[in-house]
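First comes the structure, then the notes that go with it.
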Number of protein chains: 2
Amino acid sequence: MPQDIPMEQLIVETAERLFLEKGFAMTSTTEIAKEIGCNQALVHYYFRTKAKLFEAIFEKKIKLFIGPFIDLYRDDVPFEEYLRSMIEKHFDLIKANPKIPFLFFNEMLTNPARMEYFRTKLSELPRSVLAKMEGKLQAEIAQGHIRPLSTFDLMISIFSLNVTLFMMAPMVQQGFNLSDREMEQLIEHRKSENVLIILRSLRPLIENENH
Amino acid sequence: MPQDIPMEQLIVETAERLFLEKGFAMTSTTEIAKEIGCNQALVHYYFRTKAKLFEAIFEKKIKLFIGPFIDLYRDDVPFEEYLRSMIEKHFDLIKANPKIPFLFFNEMLTNPARMEYFRTKLSELPRSVLAKMEGKLQAEIAQGHIRPLSTFDLMISIFSLNVTLFMMAPMVQQGFNLSDREMEQLIEHRKSENVLIILRSLRPLIENENH
DNA sequence: GAAATATTTAATAGATCTATTAATTTCATG
DNA sequence: CATGAAATTAATAGATCTATTAAATATTTC
């Protein structure tokens with residue numbers, strides 16, 4: 001029925017939407033086919049198993065998610081500015097794909113096998129990102145511009161602040177009865193809030209601060 | 001087989017463990033019964049449907065999770081100290097029940113019906129917590145001790161930092177090959193880190209800070 | 001200890017789901 | 001337009017899952 005989109009692509013797109021909406025377990029190949037209006041065997045004709053279909057989608061999404069950080073590093077820009085830009089890019093990326101973090105957590109936590117599978121696949125990407133950050137960060141620390149801190153800690157803080165907002169978003173919007181416009185404002189406000197929180201967290205320690 | 005625990009309790013405990021491990025959809029009443037070693041019909045004898053069993057557990061867990069905040073508020077303690085203690089209590093609570101946040105997100109996001117169901121049930125609790133915080137926070141702002149900020153923003157930041165660590169924990173531990181002892185140290189470190197991040201984020205704005 | 005009640009099991013209906021196979025249709029190409 | 005390949009469907013085997021019912025067993029109570 002849908003105009004002229006190749007069936008294989010149609011299946012991927014539909015599966016993508018349903019997997020993101022309801023997770024792997026609660027989405028059936030039957031439902032994917034029904035949604036498209038094609039025979040259920042066709043899903044298996046193109047992808048053989050539901051797991052393979054899922055993995056193809058999952059891998060693509062994760063790469064799309066990590067990719068933008070590979071070539072983010074610029075040497076000619078002050079650290080604080082670089083960091084601000086990185087936090088905002090990360091934030092915008094999640095904003096554009098708000099359901100990926102949940103899919104990620106969902107599959108990693110409920111299916112240890114998949115976790116092992118993707119641990120090997122994806123371990124280089126985060127490592128290269130971390131390595132790039134590491135040098136600059138330690139230099140700043142050595143100069144006394146920011147407090148001693150591991151790249152890992154910094155990344156966890158950024159990730160936590162950016163990701164959780166979007167995992168909570170549906171509940172927040174419904175719970176507080178926010179219009180789409182209001183929600184959009186809330187989100188943009190949180191972006192600058194997160195930048196402020198992170199930048200402040202890096203400042204050199206002052207007397208008596210750590211308890 | 002298990003010594004002298006009433007069957008109903010045994011079912012709840014087993015279901016609890018499995019639901020937390022694998023979520024609602026991927027846990028079957030058949031599996032719960034098999035785990036215990038009893039007949040599968042017994043699960044339905046006590047709880048009629050899988051959904052009712054789940055809801056009983058879910059509700060209990062959420063209450064356990066929000067409860068500690070009800071009577072947290074003390075008037076005789078400086079705001080910063082109060083806040084530190086609240087962040088740490090929240091953190092420890094998640095540490096003691098690290099899988100609840102995921103269960104919460106999982107069910108809220110994949111099952112809109114359940115979301116509606118619990119929205120009504122749980123809306124008073126967060127509201128009362130928020131209300132308690134609100135007064136003190138606004139007073140501090142009026143006095144110029146902290147920057148203008150909504151209670152909502154503060155709560156989101158605390159929640160984000162505290163929760164995400166534990167959602168990531170299994171991946172972090174496996175990905176970096178950390179021993180239980182090392183993981184424990186990492187967690188405790190993050191607790192003080194989160195306190196520091198939040199407290200710093202509240203300080204009054206300085207010249208030119210918000211871009 | 002017998003009757004009544006509660007718990008547990010066996011059996012199964014009815015749904016649904018994954019994956020396969022064989023048959024059918026569509027389509028490109030000589 | 002005939003033929004072979006590709007795409008699609010129909011049909012179905014085999015698993016599993018939820019929920020119910022009736023029968024069997026255990027427990028309480030008189």
Side-chain angles (χ1 to χ4, degrees), chain A residues 1-60 103 106-107 109-114 117, chain B residues 1-60 103 106-107 109-114 117:
Chain A
M1 291 134 184
Q3 306 83 342
D4 227 8
I5 304 163
M7 184 55 75
E8 182 170 354
Q9 187 186 338
L10 209 53
I11 291 172
V12 172
E13 284 171 5
T14 307
E16 204 168 293
R17 182 165 52 76
L18 293 176
F19 282 144
L20 281 169
E21 257 169 35
K22 327 190 314 168
F24 178 78
M26 293 204 40
T27 303
S28 67
T29 56
T30 307
E31 189 184 2
I32 295 167
K34 198 179 292 171
E35 196 92 349
I36 297 171
C38 73
N39 190 284
Q40 176 258 349
L42 210 51
V43 179
H44 293 272
Y45 172 73
Y46 282 111
F47 296 94
R48 194 159 180 82
T49 70
K50 179 182 159 187
K52 282 194 208 309
L53 170 59
F54 179 82
E55 272 152 26
I57 291 170
F58 191 66
E59 196 165 344
K60 195 180 72 178
L103 184 75
N106 196 2
E107 295 311 316
L109 295 176
T110 59
N111 192 329
R114 235 191 291 288
Y117 172 70
Chain B
M1 292 129 186
Q3 306 81 344
D4 228 6
I5 304 163
M7 184 55 77
E8 183 170 353
Q9 186 185 337
L10 209 53
I11 291 171
V12 172
E13 285 171 4
T14 306
E16 204 168 293
R17 183 165 50 78
L18 292 176
F19 281 144
L20 281 169
E21 258 170 34
K22 326 188 317 166
F24 179 77
M26 294 207 36
T27 303
S28 68
T29 55
T30 307
E31 189 185 2
I32 294 167
K34 197 179 292 172
E35 196 93 347
I36 297 171
C38 73
N39 191 285
Q40 176 258 348
L42 210 52
V43 178
H44 293 271
Y45 171 73
Y46 282 111
F47 296 93
R48 197 161 176 81
T49 71
K50 180 181 158 187
K52 281 195 208 308
L53 169 60
F54 179 83
E55 273 153 24
I57 291 170
F58 191 67
E59 196 164 347
K60 196 178 71 177
L103 183 75
N106 196 6
E107 296 310 316
L109 295 176
T110 59
N111 193 329
R114 234 190 291 288
Y117 173 69

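Since the structure is predicted, the reported quantities are computational estimates derived from the model, not experimental observations. Letters go in sequence order (proteins before strands), and every chain restarts at 1.
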Nearest whole Å is fine: how far is [N] [atom2] from [X] [atom1]?
| X | N | atom1 | atom2 | answer |
| --- | --- | --- | --- | --- |
| A:I11 | C:dA19 | CD1 | C1' | 14 Å |
| A:H44 | C:dT16 | NE2 | C1' | 13 Å |
| A:I32 | D:dT9 | CD1 | P | 15 Å |
| A:L53 | C:dC17 | CG | C1' | 15 Å |
| A:L18 | C:dC17 | CG | C1' | 15 Å |
| B:N39 | D:dT21 | CG | P | 16 Å |
| B:K34 | D:dT16 | NZ | C1' | 9 Å |
| B:K50 | D:dT20 | NZ | P | 15 Å |

- Task: Would you mind reporting whether A:V12 and A:F47 have side-chain heavy atoms less than 4.5 Å apart?
- Result: yes

- Is there a side-chain contact between B:N39 and B:Y45 (heavy atoms, below 4.5 Å)? no

- Task: Determine yes or no for a side-chain-to-main-chain donor-acceptor pair under 3.5 angstrom, with A:K50 supplying the side chain and A:F24 the backbone.
- Result: yes

- Examine distances only and state if a side-chain atom of A:T14 and a backbone atom of A:I36 form a donor-acceptor pair shorter than 3.5 Å. no

- Task: Compare side-chain N and O positions of B:T49 against OP1 and OP2 of D:dT18 and report whether any pair is under 4.0 Å apart.
- Result: no

- First of B:E8 and B:Q40 reached from the 5' end of DNA chain C, by closest nucleotide: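 The answer here is B:E8.
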
Let's see if you can work this out: which of [options] has an atom nearest to the side-chain heavy atoms of [X]?
| X | options | value |
| --- | --- | --- |
| A:R48 | D:dT18, D:dA19, C:dT20 | C:dT20 |
| B:M7 | C:dT8, D:dA10, D:dA19 | C:dT8 |
| A:L42 | D:dT20, D:dT8, D:dA19 | D:dT8 |

- Message: Test side-chain hydrogen bond (donor to acceptor under 3.5 Å, both in side chains) on A:T29 and A:Q40; report intermediate values, then the result.
- Response: CA-CA 6 Å; A:T29 56; A:Q40 176 258 349; 3.3 Å; yes

Would you indicate what [X] reaches in the nucleic acid, counting non-hydrogen atoms under 4.0 angstrom: base, sugar-phosphate, or nothing?
| X | answer |
| --- | --- |
| A:Y46 | sugar-phosphate |
| B:T29 | sugar-phosphate |
| A:S28 | sugar-phosphate |

- Query: Does A:Y45 or A:A41 map to a spot on DNA chain D nearer the 5' end, using the closest nucleotide for each?
  - Reply: A:Y45

